[in-house]
Amino acid sequence: MANIPTSDEFRLPVFATLKDIYSFLWSTRRDLVLIAAIPIVGLTVYRVAAIDLFGAVEPASSDGPRPPTLWDVFILYLPSILLYTMFAVAWHRRYLMREEATSVWSALRWDLRKTRFLFRSILIWLIAVAIVSVPIVLLTIFGVVLNFAAASEVSPPVDVATLSSVVILAASVMFFVVYLRLSLWLPVTASDAPFSFLETVRLGRGNSWRLMVIVFGAEIGPTVVLVILGMLTHAIPQDSATIDLIVGLARNALAYSVLAAGITALSVAYDRLLARVANDPLYTQDGMPFMNE
């Protein structure tokens with residue numbers, strides 16, 4: 001474990017952390033392909049069968065035979081969530097517990113750890129939404145009240161379209177900052193580390209913005225390719241199951257590349273943040289984790 005002068009001074013080195021992320025992904029590319037192959041192929045075949053054979057409607061589809069229902073969302077996205085959970089736990093452990101032999105079977109076998117990881121992932125998402133919603137609602141109310149107070153029919157002081165754009169942008173940035181900070185609990189969960197939720201939040205203090213930059217920097221490459229693929233698929237007539245399978249395989253392969261980069265970024269950041277534990281009073285008092293390290 002690295003030693004640092006005082007825990008409050010520790011800041012994640014952005015470029016050095018990104019270098020570690022890229023190096024790890026490149027050195028473990030074979031393991032990544034083996035672990036992600038079954039989820040990628042399975043999700044692709046399942047989605048094509050659900051849409052083309054059983055008539056499920058994608059929520060984002062505007063030209064479907066009928067509006068999507070809650071059941072459509074459930075059958076289309078539940079397998080994705082479960083397979084993501086299995087993959088995320090396996091890939092976190094692949095970085096954090098390198099002495100452990102990770103097989104395809106152990107990665108895809110459901111167990112209590114993956115159940116805990118799934119529920120904590122949902123909890124983190126709900127907490128982030130709750131935290132971000134408060135200032136966003138206040139900002140929206142402020143804009144509406146300002147317009148009413150001005151009582152100007154010709155030129156209101158706050159343009160509704162501009163306000164909506166600002167609110168959406170602010171909400172997105174705030175959500176990702178809060179969500180990624182709280183997501184440090186996920187590598188803790190995957191590696192069975194003795195950290196509570198609040199201890200994990202404290203562990204990442206002073207690095208919220210750096211963490212967002214690191215995660216986005218890790219994901220930017222496959223994300224750009226995924227966006228380009230999405231634009232190209234609109235020009236391809238997808239009127240057969242074969243074309244749907246090919247496009248689906250490419251899309252899911254890129255999506256799992258993004259997931260792997262983001263998961264690795266969280267693991268590398270968490271591993272580096274452990275350097276502050278040795279000098280943090282929170283972790284050196286009696287009864288706290290790592291007190292003897």
Side-chain angles (χ1 to χ4, degrees), residues 21 24-25 28-47 49-50 73-129 176 178-201 203-204 211 215 218-219 222 248-249 251-271 273-274 289:
I21 295 168
F24 176 76
L25 289 172
T28 58
R29 58 191 182 279
R30 179 179 176 275
D31 292 340
L32 176 59
V33 171
L34 291 175
I35 295 175
I38 292 179
I40 291 171
V41 175
L43 281 177
T44 303
V45 174
Y46 174 85
R47 196 174 188 84
V73 176
F74 180 80
I75 63 175
L76 286 175
Y77 291 105
L78 180 61
S80 299
I81 294 173
L82 296 178
L83 285 172
Y84 158 73
T85 299
M86 291 187 283
F87 174 78
V89 171
W91 202 246
H92 275 304
R93 293 180 71 85
R94 179 65 183 83
Y95 180 84
L96 296 171
M97 309 183 75
R98 303 189 190 188
E99 71 283 355
E100 180 181 86
T102 303
S103 65
V104 176
W105 166 245
S106 65
L108 300 179
R109 183 181 66 240
W110 193 266
D111 52 29
L112 181 59
R113 182 186 297 117
K114 295 181 176 68
T115 303
R116 190 183 305 116
F117 188 95
L118 174 59
F119 280 103
R120 288 182 177 181
S121 299
I122 297 172
L123 179 60
I124 288 170
W125 186 86
L126 292 175
I127 293 174
V129 170
F176 281 115
V178 174
Y179 176 78
L180 291 174
R181 171 72 177 275
L182 301 181
S183 291
L184 288 173
W185 202 25
L186 298 180
V188 169
T189 303
S191 60
D192 302 319
F195 277 115
S196 69
F197 175 69
L198 293 179
E199 289 167 354
T200 307
V201 173
L203 184 68
L211 186 60
V215 172
E219 295 179 345
L249 283 172
R251 184 185 295 117
N252 284 330
L254 288 170
Y256 265 78
S257 298
V258 176
L259 291 176
I263 293 166
T264 305
L266 284 176
S267 289
V268 174
Y270 163 70
D271 190 48
L273 286 170
L274 287 177

(Q) Is any side-chain heavy atom of F195 closer than 4.5 Å to one of L274? (A) yes
Q: Can you establish whether the number of heavy atoms outside W110 located under 6.0 Å from its atom CH2 is more than 12?
A: yes
Q. Can you find a pair of side-chain heavy atoms, one from S257 and one from L32, that are under 4.5 Å apart?
A. no
Q) Are any of the side-chain heavy atoms of T85 and T115 separated by less than 4.5 Å? A) no
Q: Could you tell me if the ring centre of Y256 sits under 6.0 Å from that of W91?
A: no
Q: Looking only at non-hydrogen atoms, find the nearest pair between L184 and G204 and report the distance.
A: CD1-CA, 3.8 Å
(Q) Tell me whether the rings of H92 and F117 are parallel (<30°), tilted (30 to 60°) or perpendicular (>60°). (A) tilted
Q. L273 and L203: which non-hydrogen atoms are nearest, and at how many Å?
A. O-CD1, 3.4 Å
(Q) Is there a side chain to side chain contact (heavy atoms under 4.5 Å, CB included) between I38 and F87? Walk through the geometry before answering. (A) CA-CA 10 Å; I38 292 179; F87 174 78; over 6 Å; no
Q.
Within the structure provided, determine whether V268 and F24 are in side-chain contact (heavy-atom separation under 4.5 Å).
A. no
**Q.** Side-chain heavy atoms of Y179 within contact of V215, under 4.5 Å
**A.** no
Q: Please answer whether the main-chain N or O of T189 pairs with a side-chain N or O of R113 as donor and acceptor at a distance below 3.5 Å.
A: no
Q) Can you find a pair of side-chain heavy atoms, one from D192 and one from R116, that are under 4.5 Å apart? A) yes
Q: Could you check L82 against L118 for side chain to side chain contact (heavy atoms under 4.5 Å, CB included), going step by step and ending with a plain yes or no?
A: CA-CA 8 Å; L82 296 178; L118 174 59; 4.1 Å; yes
**Q.** Nearest non-hydrogen partners of T264 and A260, listed with the distance
**A.** OG1-O, 2.7 Å
Q. Does a side-chain heavy-atom distance below 4.5 Å link W185 with L266?
A. no
